[in-house]
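Sequence positions, counted from 1, serve as the residue numbers for this chain.
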Amino acid sequence: MVEAELVTPGEVLGRASEVKPGRGAYLSPNDNTVYASLTGRRAAFLPPPESPDQRPTVEVTGHKAHGAVPEPGSIVIVRVTKVMARMALADIMCVGSKSVKEKFSGIIRQQDVRATEIDKVEMHSCFRPGDIVKALVLSLGDARAYYLSTAKNELGVVAAESAAGGTMVPISWTEMQCPLTGQIEPRKVAKVGN
């Protein structure tokens with residue numbers, strides 16, 4: 001197997017006289033050329049020596065193979081981009097321990113912030129833009145955004161910057177403190193440890 005570069009759909013992978021199309025590749029009969037059918041990494045596989053056809057097979061392994069994709073049930077790390085009265089918008093940065101290669105958006109709805117006293121949740125007291133939040137993917141919602149939940153103790157804000165630019169320190173499940181000014185800000189804090 002010979003590893004090669006990233007290719008995009010329509011990119012020429014070789015002449016049909018030299019290579020055979022595998023997964024993620026197709027042969028255009030018009031010009032006898034093999035093209036990539038998806039974005040991914042190109043790889044060529046040599047046939048067994050006894051094979052009558054000695055052309056290598058060219059494959060394109062899709063982006064899912066090397067970039068994480070959020071799925072319902074997975075734990076994600078997100079950066080809050082906007083906080084509104086009933087929801088917070090966020091960009092998904094990691095799925096588990098793997099970083100994402102594409103832009104995925106998430107929505108934390110008011111009813112998914114915590115498990116108790118759901119009707120008393122104030123979004124501005126739980127999240128601020130720029131907060132780094134650990135969340136659970138509930139489902140693929142609408143507008144190509146994933147619905148996220150922080151309704152477990154271990155989910156919530158894991159890192160936040162204060163107005164003074166300090167890295168906030170959690171002091172309870174609902175508050176974080178700026179080490180520079182001592183200012184306390186409300187947050188839905190992720191419980192660390194057990």
Side-chain angles (χ1 to χ4, degrees), residues 1-82 87-109 112 127 129-150 152 154-161 167 190:
M1 189 183 109
V2 186
E3 268 301 325
E5 76 286 6
L6 197 65
V7 292
T8 53
E11 206 162 310
V12 174
L13 300 177
R15 306 280 306 151
S17 56
E18 296 158 9
V19 294
K20 288 186 295 197
R23 284 179 312 191
Y26 67 93
L27 170 65
S28 169
N30 302 337
D31 57 4
N32 264 345
T33 302
V34 177
Y35 294 94
S37 63
L38 51 100
T39 300
R41 297 220 173 268
R42 167 196 168 142
F45 299 90
L46 298 171
E50 66 276 7
S51 171
D53 188 345
Q54 282 296 301
R55 293 178 300 164
T57 301
V58 196
E59 286 188 0
V60 179
T61 309
H63 61 271
K64 284 188 175 138
H66 61 85
V69 175
E71 289 174 2
S74 51
I75 297 291
V76 293
I77 302 296
V78 304
R79 178 184 284 117
V80 176
T81 54
K82 188 174 184 182
M87 68 178 79
L89 305 182
D91 288 337
I92 297 173
M93 302 186 307
C94 297
V95 177
S97 59
K98 296 187 177 130
S99 64
V100 296
K101 301 278 193 285
E102 294 177 62
K103 185 173 162 50
F104 295 107
S105 299
I107 297 171
I108 305 169
R109 297 171 298 181
D112 298 324
F127 309 106
D131 285 359
I132 305 300
V133 176
K134 187 178 185 182
L136 171 75
V137 177
L138 294 176
S139 65
L140 178 54
D142 50 10
R144 294 183 56 83
Y146 289 85
Y147 284 141
L148 308 175
S149 168
T150 57
K152 289 184 178 164
E154 67 272 18
L155 303 176
V157 178
V158 291
E161 195 175 278
T167 301

Can you check whether Arg109 reaches Leu138 side chain to side chain, under 4.5 Å on heavy atoms?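 Touching, per the 4.5 Å side-chain cut-off.
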Residue pair Glu71 / Val95, side-chain heavy-atom distance below 4.5 Å: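 Counting from C-beta outward, Glu71 and Val95 never come under 4.5 Å.
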Mind checking side-chain contact (heavy atoms from CB on, under 4.5 Å) for [X] and listing every partner two or more places apart, or none if nothing turns up?
X      : result
Asp53  : Lys20, Ser51, Arg55
Val7   : Glu5, Glu11, Leu13, Ala36, Arg42, Val60
Thr81  : Leu89, Asp91
Ala190 : Val158

Sequence neighbours left out, what passes side-chain hydrogen bond (donor to acceptor under 3.5 Å, both in side chains) with Lys82? Give chain and number order.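 Applying side-chain hydrogen bond (donor to acceptor under 3.5 Å, both in side chains) to Lys82 gives none.
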Should we count CZ of Arg23 as having more than 12 external heavy atoms under 6.0 Å?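 Counting other residues, nucleotides and ligands, CZ of Arg23 stays at 12 neighbours or fewer.
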Heavy atoms only: give me the nearest [X]-[Y] pair and the separation to one decimal.
X      : Y      : value
Gln54  : Pro48  : NE2-O, 3.1 Å
Lys134 : Glu154 : CD-O, 3.7 Å
Thr57  : Gly22  : CG2-CA, 3.6 Å
Ser105 : Ile92  : O-CD1, 4.0 Å
Gly14  : Thr33  : O-CG2, 3.5 Å
Val80  : Ala88  : CG1-CB, 4.5 Å

According to the ring-ring contact (aromatic ring centres under 6.0 Å, His included) rule, which pairs have a member within residues 21-41, sequence neighbours left out? Tyr26-Tyr35
Supply the atom-to-atom distance Ile77 CD1 to Ser97 OG, rounded to the nearest 0.5 angstrom.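 Reported value, rounded in 0.5 Å steps: 10.0 Å.
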Taking Asp31's backbone N and O only, do any of them form a donor-acceptor pair with Arg15's side chain (distance below 3.5 Å, no angle check)? yes
Would you mind telling me which of Leu155, Val133, Ile108 makes a side-chain contact (heavy atoms from CB on, under 4.5 Å) with Leu148?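 Of the listed residues Leu155, Val133, Ile108, the side-chain contact (heavy atoms from CB on, under 4.5 Å) partner of Leu148 is Ile108.
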Take Thr150 and Phe127 through the side chain to side chain contact (heavy atoms under 4.5 Å, CB included) test and state the conclusion after the steps. CA-CA 11 Å; Thr150 57; Phe127 309 106; 3.8 Å; yes
